[in-house]
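Residue numbers start from 1 in every chain, and the chains themselves are labelled A, B, ... in the order their sequence lines are given, proteins ahead of strands. Worth knowing before you read on, the calculation uses all heavy atoms, side chains too, and leaves out hydrogens, waters and symmetry mates.
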Amino acid sequence: MNIKFYNTLSRKKEIFNPIKPGEVSMYTCGPTVYSRSHIGNFRTFLFEDILKRVFLIVGYKVRHIMNITDVDDKMIKKANDENKTLTEISLKYTAEFIEDAAILKILPADELPLATDNIQEMISMITALIKNGNAYLTENGSVFFSIESYKDYGKLAHLDLKGLKQTDRVAADEYTKDHPQDFALWKAWKEEDGDVSWDSPWGKGRPGWHMECSAMSTKYLGNHFDIHCGGVDNIFPHHENEIAQSCAALNSEFVNLWMHSEHLIMADEKMSKSLGNIKTIPELLADGYTAESLRFALISSHYRSKLAFSHIKLEEAKKSVHRINELFQKLNKKVDVGNSLPDEYEEFIEILCDDLNTPKALGVLFNYVRKLNHKIDNDILSKNEATMGLSFLIKADEILSLLIKQTDIPDKIAQLVAKRESARKEKNWKLSDHLREEIKQKGWKVEDLPEGTKCYPL
RNA sequence: GGCGUCGUACCCAAGUGGUCUAAGGGAGCAGUUUGCAAAACUGUCAUUCAUCGGUUCGAAUCCGAUCGACGCCUCCA
């Protein structure tokens, strides 16, 4: 089966051809650990998770590296503001990131290298760039990349140097550079950097932002690897600069496939009332949404489209997730998992292999859900069909991860449910309704189904 | 100024030349079921794809114009 992805480099869908047959090397831009990652950051991380899971399910071996940016302007500012060390800030938010990613059932990367553990690698690369004539040292001890020395500069972002507008931000840059768009490889130490500095051939300082990804991606994956992902905002300048640096320093091909996910935007006023429009995973869990609902909401639109995030969207996601889980439980009671899968499974995978079309794949899944529900209700579902259905849901879940583990019902609740059952047998509706209300107060919901009473968390 | 994206039902969202009188989800409505509720199931819900032209035997899909929303052009996933 052909796997196709949209490549930012060519602005086209391309058939994926791994450098090494059967293996995928992917590097995904990780968080800058100066604050808790928000749901928008996680849209990108989840897109990457789905991508990785698709590779795994079709049989590729995946080597996945995600960096942790633990030194940059924002990190230093945060440390200064809170009167803490860079390491303290970094440890706290890295731990939170790992925790939140685990809640969202995002598969961990094989390595999570820290920028500050790879300073030497970055210095070597900068040295090579100076030697190759692609970088220059300024009087204050900073090193810049000369974009005029690299003819392909702008090929990812499709920027033409002649058409560039000198924005205020560029104009306001305090460094002295040959060309306004030249970017920092090494930043000379400044007073506000405090004790954040490393020794280098050019004196005390710290690496420019883009260096870490060039150094770490090639360190772990080799000079030439398959995929590099991130949010669209990384296309320029971050990834553009990475290409220039890496190709010029290593004199090698760099990345074959660049994939970028669009932004999530906050669509709902109520949601944006707090701190500058952001929501973190713990905040959303506190609002009563499950990891599965969050996953669903984030994959219910295509990764290259903007996603308007709102409470309505989450409520819809919650119901959709419930629908899938309903069928899963019904089938789970009837049969065990088998080896054969329905035709819909093939279709489901093919759609995902066409540039990760998660919304369309969910459509296939729901059509199948309706089909089986119909058969169940009319009592015409064969055992074989039930087995295949269960297998499909479980297999699809290796990518989607929307199935919810059955939670154990606490004894107290179970007692109330049993009490209500006996009341119902005696047709004591008043008591039974009262007990249902009491159970609801405790956060559980009871439903009287034809096959018996069911109880689950609200 | 340059580069680029998008506009599909009440909401979300696939589809990018014929299988589209447009998938799927949510909401609504009607029904089956039910002590009630809930859940589940069934039916219904865009002859139309921002607007106007053009190309074509054929367009939501290609081209042009217009209107509207938006992104990037140095540190933001």
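Checking B/C76, B/A40, B/G25 against every side-chain atom of A/D377, the shortest atom distance belongs to B/A40.
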Check: Using a cut-off of 4.0 Å between protein heavy atoms and nucleotide atoms, how would you tag nucleotides 29-37 of chain B 5' to 3' with B, S and -?
Finding: ------BBB

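Using a 4.0 Å cutoff on non-hydrogen atoms, the parts of residues 323-331 of chain A near RNA chain B are A/R323, A/E326, A/K330, ordered by number.
Of the candidates A/R436, A/R420, A/E421, A/T453 forms a side-chain hydrogen bond (donor to acceptor under 3.5 Å, both in side chains) with just one, namely A/E421.
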Between the protein and nucleotides 61-63 of chain B, which nitrogen or oxygen pairs are less than 3.5 angstrom apart?
none

Which atom pairs link the protein and nucleotides 9-13 of chain B when you take only N or O atoms and keep those under 3.5 Å?
{"unit_1": "B/C12", "atom_1": "O3'", "unit_2": "A/K313", "atom_2": "NZ", "d": "3.1"}
{"unit_1": "B/C12", "atom_1": "O2'", "unit_2": "A/K313", "atom_2": "NZ", "d": "2.6"}

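Judged by the 6.0 Å and 45° rule, A/R36 forms no cation-pi pair with A/Y93. Taking the centre and axis of the six-membered ring of A/Y34, the NZ or CZ atom of A/K78 falls outside the cone set by 45° and 6.0 Å.
The structure places CG of A/L365 at 11.0 Å from CD1 of A/I399, a figure rounded to the nearest 0.5 Å. Expressed to the nearest 0.5 Å, how far CD of A/E212 lies from SG of A/C29 amounts to 8.0 Å.
Nucleotides B/A60 and B/G25 have their P atoms positioned 24 Å apart, rounded to a whole Å.
For the strand RNA chain B, secondary-structure stems (runs of at least three Watson-Crick or G-U pairs, all distances below 3.5 Å) span B:1-7 with B:67-73, B:10-12 with B:24-26, B:28-32 with B:40-44, B:50-54 with B:62-66.
Residue contacts for A/L264: at a heavy-atom cut-off of 4.0 Å it reaches a base atom on one of the strands shown. A/H238 comes within contact range of no nucleotide atom at all, as no heavy-atom separation falls under 4.0 Å. Residue A/K445 is classed as a sugar-phosphate contact, given heavy-atom separations below 4.0 Å to backbone atoms only. Within 4.0 Å of A/G40, counting heavy atoms only, lies at least one base atom of the nucleic acid. Residue A/F183 is classed as a base contact, given a heavy-atom separation below 4.0 Å to a base.
Not one side-chain nitrogen or oxygen of A/R304 sits closer than 4.0 Å to the OP1 or OP2 atom of B/U5. Within the 4.0 Å cut-off from OP1 or OP2 of B/G15, at least one side-chain nitrogen or oxygen of A/N357 is found. The phosphate of B/G24 (OP1 or OP2) has a side-chain N or O of A/N367 nearer than 4.0 angstrom.
Using a 4.5 Å heavy-atom cutoff, the side chains of A/W202 and A/I123 are in contact.
Taking the nucleotide of RNA chain B with the nearest heavy atom to each of A/A361 and A/N373, the more 5' of the two is matched to A/A361.
With sequence neighbours excluded, the residues that form a salt bridge (Lys or Arg N to Asp or Glu O under 4.0 Å) with A/D81 are A/K77.
Of the possible polar contacts, one joining the A/D182 side chain to the A/H179 backbone as a donor-acceptor pair under 3.5 Å is found.
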